[in-house]
Amino acid sequence: MKVLRLTPQTSLDLLPDYLWDGESPALSSRMVVCLRQGRIDRVVPRASYSPDGSQQLYLPHLTLLPGLVDAHVHLALDGLDFKAAVARWQDPEAMIHCIKKELEANLEHGILAIRDGGDASGWNLWARDRAPHEGPVPRIVATGRAVHKKGFYGSFLGPPLTPPFDWQRTVKDLAAGGSDQIKVIVSGLVTFKNWGEVGPVQFDFNELRLLVEAAHGRGLKVMAHANSDGAVRQAVEAGVDSVEHGYFVSDETLHKMAERGTYWAPTVAAVANRLQVAKAREYNPREQDIIRRTVELQLKKIAHAHKTGVRLIVGTDAGAPGVYHGRSYGDELSFFLAAGIPSRAVLRAATSIGAGALGLESELGSITPGKLPYLIAIAGNPLEDLSALQRLEVVIIPEKG
Ligand SMILES: [Zn+2]
């Protein structure tokens, strides 16, 4: 795989044999993507293209498409060993090493933009702002530290809040600390002891509504961890921008999400991958059965969400047990396919729609004039066969800064 880093001054004409722009129902062939001053200036058919002396890059037999977006990761966790990862947060040298490897893994899988769902030490902010990146890195949208209620799930994601809540203050502090979006924990985790068990709801409708108001007042989106239909419905009605996980959501709530334009990252790998490798041994047969049923139900909900018009996005929850940065992205895509989602819809979730959830729709996620060249070139037609994404030949990415 070749990585091309472009400076803000770059003038370059890309000549792939095929192109998928992030939206269209079909590939177009023999197009030219002209980059000027580091941005996509125009996309023209090769027949009407007249070179102006800018450098040219032919991409024979390859399909050029927008870089992939992982809308839910945790760079501070590695998917291998939760306790060891949290202990490592005290060791900056080890963290530099780990985060560097994770960012590389994203690029190796064509993932050029990620949104981090938070960690209590704020390593995701550090990865975005201060990590010594010598090589190319994906665009990082960082939530910093997540908001959760004292005594409830989420202590490793951020400091606990105690009532009465001062949302204006909380959001102001997070924004000052560099959070691009506000991550709120609305319910607990899906556990597998009993079917449908997800832990209690942490904030009521009014509390969430005021938090969303405070965040939107500062131009920040709200990313809500919510499981159980009650938690998801309340979050959606309070106006959150994206629902994360959303296990046990009802069809009725999905309709509401479609109406309101709420994004949904169903993070199937975060539950399904627990059955893989050594992890399966931690669960007895009854629990394994609950995991399987939970995944099956989630796939049905994804199918319904697609039919209803919910803005599905691809978020792996990389860093969660059994979910690895970069390489588990393909798992999540496979689950979308298994749910019956057509390839093009999966690809839109993975590119243009994902970019919207990250608040980067004017920067990346499609091949249109004005956008930055976060692009990948692969061998094959991903609209016919999504596994073509594994045949990644070229990554094109703007220099950080
Ligand atoms: Zn997460």
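One is the number of the first residue; the rest follow in order along the sequence. Remember, it's a predicted structure, so these values are computed and weren't measured experimentally. Just follow the structure's listing: the first ligand is 1, and inside any ligand the first atom is 1.
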*Name the orientation class of the two ring planes belonging to His245 and His72 (parallel below 30°, tilted from 30 to 60°, perpendicular beyond 60°).*
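If you compare the ring of His245 with that of His72, the planes turn out tilted.
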_Treating His74 as the side-chain partner and Gly118 as the backbone partner, does any N or O pair qualify as donor plus acceptor under 3.5 Å?_
yes
*Indicate yes or no for a side-chain donor-acceptor contact from Trp126 to the backbone of Gly122 under 3.5 Å, with no hydrogens or angles considered.*
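Absent.
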*Short check: any N/O/S atom of His225 below 2.8 Å from the Zn ion (ligand 1)?*
no
*For the Zn ion (ligand 1), does an N/O/S atom of His245 lie at less than 2.8 Å?*
no
*Geometric cation-pi criterion Arg46 and Tyr49, 6.0 Å radius, 45° cone*: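 Ring-cation test returns no.
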*Looking at Asp317, which of its N, O or S atoms is the nearest one to the Zn ion (ligand 1)?*
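Nearest to the Zn ion (ligand 1) within Asp317's N, O and S set: OD1.
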